[in-house]
Amino acid sequence: MSEITVNLPHCKYSVLIESGIIAKAGQQLLASLGLSDMKDIKVAIIADEQVFNLHGDPLITSLKNQSDGVYAFSQVEGEKQKTLERVRSYYDQLLSAGFDRSSCVISFGGGVVGDTAGFVASSYFRGISFIQCPTSLLAMVDASVGGKVGVNLPQGKNLIGAFHQPRLVLIDPLVLDTLPERELKSGLAECIKHAVIQDPELFSWTKKNIKSFLKRDPKFLSELIAKNVEVKARVVEQDEKEQGIRAHLNFGHTFAHAIEATLGFEKIKHGEAVGLGMLAASTLANKRGLCDASVRTDIYEILELAGLPTRADLVSNKELIESMKKDKKARAGKMRLILPTKIGEVGVFEDVPENELIPAWDSIR
Ligand code: GLY
């Protein structure tokens, strides 16, 4: 088992990575709550329906061994499910089942389920314990660590949310066996992002082993997850509320959010959009003289190896730029772009004129 600890001024939690760990969720939860017995502690599993059907039994059995009040709620996957209406329906169900301040919420699914369940946990009775059990590669290496939770509004993605750190994160690489291929690749894009923003050695290691990840070799996948959780954990420890270095994790994301908003979430996966966003950002950085052209080539090559798209059928530059301006990372109407200076280093730039965005967009169409 790998254990990575996230140390924050107000809390500390473990990310445990082990094949088969979901069958030990009850014991791990008990230990993390610091209790000798949790028979009376109510536990709600908020799950992706498909993942729950495939992998839910050992989780339920293990939790029922510890608690007499285990409830399971499931939802279909998809960004459209991340709504206040859904959150409201969970509040109703938790209230009817008698959930109180001592109760816990466990998310069992990808990023959408984690964000929604986490938001429920952050706000129900002003916040109850939350456990992340991510089942997509993307949620394992990114969304499950760091406490960002929230839902979408019709006006935009993640506009309502909170920082609510989990008490425990349980990662079972075995569940990746049934993850659809496109989702696996989408998760790889966030791993590539971590390497580009922080660590040239991780970049080379990721590139060298990409075929093993795609073959779902469990040893390599476990190592990939551990290395990437480590990157995420260290960033969050330095800047929990995104006032500084945590913004680096948004590399490629301002472009990506504009792609997702204009193409629609059904057409493009988040990681695919992030990969394209990293390419557009590196074109921009090179044209500004911030980095060599080789940075873009390196990113392009690793995305190709991972089977991620390097071009897309995009809407007009005007529409894309309008969408970028609405991104919630914009401050006082100014876009904030994370641009690479070399593999392993990025910076934050707020002074990019709109006309410089055009060649960046054109480089991925
Ligand atoms: N996914 C970016 C962050 O957690 O800050």
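In what follows, every heavy atom counts, from backbone to side chain, and hydrogens, waters and symmetry copies are set aside. Everything numeric here is computed off the predicted structure, so don't read it as measured data. Counting starts at 1 for both ligands and their atoms, following the listed order.
The salt bridge (Lys or Arg N to Asp or Glu O under 4.0 Å) contacts involving residues 257-285 comprise K80-E266, K157-E260, R182-E272, E183-K269, where partners must be two or more places apart or lie in separate chains. Applying the salt bridge (Lys or Arg N to Asp or Glu O under 4.0 Å) rule to pairs touching residues 354-365 yields R288-E356, K325-E354, D362-R365, sequence neighbours excluded. For residues 296-305, the set of pairs meeting the side chain to side chain donor-acceptor pair (under 3.5 Å) definition, not counting sequence neighbours, comprises K207-E301, T283-R296, R296-S363.
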Check ligand 1 against the protein and report each N/O to N/O distance under 3.5 Å, formatted as atom name, atom name, distance.
from	atom 1	to	atom 2	distance (Å)
ligand 1	1 (N)	D142	OD1	3.0
ligand 1	1 (N)	D142	OD2	3.2
ligand 1	4 (O)	K232	NZ	2.7
ligand 1	4 (O)	R246	NH2	2.8
ligand 1	5 (O)	K148	NZ	2.9
ligand 1	5 (O)	R246	NE	2.7
ligand 1	5 (O)	R246	NH2	3.4

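Of all heavy-atom pairs between D115 and V149, the closest is O-CB, 3.7 Å.
Between the CZ atom in F255 and the CG atom in L279 there is a gap of 10.5 Å [rounded to 0.5 Å].
Ion pairing between a basic and an acidic side chain is recognised when a charged N comes within 4.0 Å of a carboxylate O; D142 and K232 show such pairing.
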